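Scroll down for the structure; my scribbles are underneath it.
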Amino acid sequence: MSVLDDHIGDDDERIDAGVQCSACDAVCCRLQVVVMPEDDVPRHLVERSPRGLETMARGEDGWCIALDEARMCCSIYSQRPATCRRFVMGSAYCRSERAAYSDGMRRNIPVDLL
Ligand code: SF4
Ligand code: SF4
């Protein structure tokens with residue numbers, strides 16, 4: 001299971017300016033996003049595990065339920081969790097997730113790896 005966290009790519013701070021969200025399938029919005037108590041996320045978009053961990057709910061397609069699929073962007077942008085705010089376009093983590101996603105597409109295997 002892939003979880004959106006702050007640790008992957010810490011040793012690679014390079015930002016690839018050629019990577020643009022506007023030309024991406026919102027790959028990072030397929031990661032499991034932990035919702036913290038200080039986040040102001042609409043509660044109906046949050047799932048709670050039996051152990052009490054709160055995460056953004058995801059649809060059967062694997063994408064976060066808050067994703068506006070028509071525009072492939074966040075429908076709760078001003079209320080998105082802090083973890084999403086810290087995810088940097090073109091960062092090592094971004095590039096890693098995009099590479100894994102496109103690799104799955106190339107090999108024609110299900111991309112829902114979560
Ligand atoms: S941050 Fe990276 S993975 Fe997320 S939508 Fe933008 S380009 Fe895609
Ligand atoms: S809350 Fe918004 S930015 Fe965060 S994963 Fe969901 S759709 Fe993406």
Side-chain angles (χ1 to χ4, degrees):
M1 178 183 297
S2 298
V3 179
L4 182 52
D5 60 37
D6 297 325
H7 306 298
I8 298 176
D10 279 355
D11 57 345
D12 181 358
E13 297 183 355
R14 183 173 60 88
I15 303 298
D16 184 346
V19 175
Q20 295 292 317
C21 297
S22 57
C24 178
D25 288 347
V27 173
C28 53
C29 298
R30 293 175 57 81
L31 293 163
Q32 187 178 55
V33 175
V34 175
V35 177
M36 303 303 290
E38 57 270 27
D39 287 324
D40 181 29
V41 175
R43 296 305 300 171
H44 68 282
L45 302 178
V46 175
E47 282 181 346
R48 188 179 175 89
S49 77
R51 291 185 173 182
L53 179 69
E54 294 194 334
T55 59
M56 291 300 298
R58 284 180 292 161
E60 291 184 3
D61 59 7
W63 271 270
C64 174
I65 203 166
L67 183 71
D68 177 342
E69 294 187 358
R71 299 186 300 142
M72 293 305 276
C73 62
C74 182
S75 66
I76 57 162
Y77 191 75
S78 64
Q79 286 182 280
R80 69 197 189 285
T83 303
C84 301
R85 297 170 190 270
R86 288 192 292 269
F87 197 91
V88 178
M89 179 176 70
S91 65
Y93 198 174
C94 162
R95 287 183 270 115
S96 167
E97 289 303 317
R98 285 167 50 88
Y101 178 77
S102 65
D103 185 48
M105 298 289 274
R106 269 199 306 276
R107 288 188 286 145
N108 197 28
I109 60 173
V111 292
D112 188 359
L113 305 175
L114 304 177

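All residue numbers refer to positions in the sequence shown, counting from 1. What you see is a predicted model, and the numbers here were worked out from it, not measured in a lab. Values below: all heavy atoms of this structure, side chains included; hydrogens, waters and symmetry mates excluded.
- Partners of Cys64 under the side chain to side chain contact (heavy atoms under 4.5 Å, CB included) rule, at least two apart in sequence or in another chain, are Cys29, Met56, Ala66.
- Under the side chain to side chain contact (heavy atoms under 4.5 Å, CB included) criterion, Ser49 pairs with Arg51, Leu53, not counting sequence neighbours.
- Taking SG from Cys21 and CE from Met89, the interatomic distance works out to 5.0 Å, rounded to the nearest 0.5 Å.
- Note: Leu31 CG to Thr55 OG1 = 12.0 Å, rounded to the nearest 0.5 Å.
- The closest donor-acceptor contact from the side chain of Gln20 to the backbone of Ala17 lies under 3.5 Å.
- In the hydrophobic clustering (ILVMFWY side chains linked at under 4.5 Å, chained through shared members), Ile15 is joined by Val88.
- For residues 31-44, the set of pairs meeting the salt bridge (Lys or Arg N to Asp or Glu O under 4.0 Å) definition, not counting sequence neighbours, comprises Arg43-Glu54.
- Ile65 is not listed as a side-chain neighbour of Glu47, based on a closest heavy-atom distance of 4.5 Å or more.
- The side chain to side chain contact (heavy atoms under 4.5 Å, CB included) check on Cys94 picks up Val19, Phe87, Ser91, Arg98, with sequence neighbours excluded.
- Residues that satisfy the side chain to side chain contact (heavy atoms under 4.5 Å, CB included) test with Ala99, not counting sequence neighbours, are absent from this structure.
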Exercise. Take Glu97 and Tyr93 through the test side chain to side chain contact (heavy atoms under 4.5 Å, CB included) and record every step on the way to the result.
Key: CA-CA 6 Å; Glu97 289 303 317; Tyr93 198 174; 3.7 Å; yes
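- Every residue meeting the salt bridge (Lys or Arg N to Asp or Glu O under 4.0 Å) condition with Arg95, not counting sequence neighbours, appears here in chain and number order: Asp12.
- The closest donor-acceptor contact from the side chain of Arg80 to the backbone of Tyr77 lies under 3.5 Å.
- When all heavy atoms are compared, the tightest approach of Pro81 to Val41 is CG-CG2, 3.7 Å.
- Checked by atom type and distance alone, the side chain of Trp63 never pairs as donor or acceptor with a backbone atom of Met72 at under 3.5 Å.
- For Asp68, the side chain to side chain donor-acceptor pair (under 3.5 Å) partners at least two apart in sequence or on another chain are Arg71.
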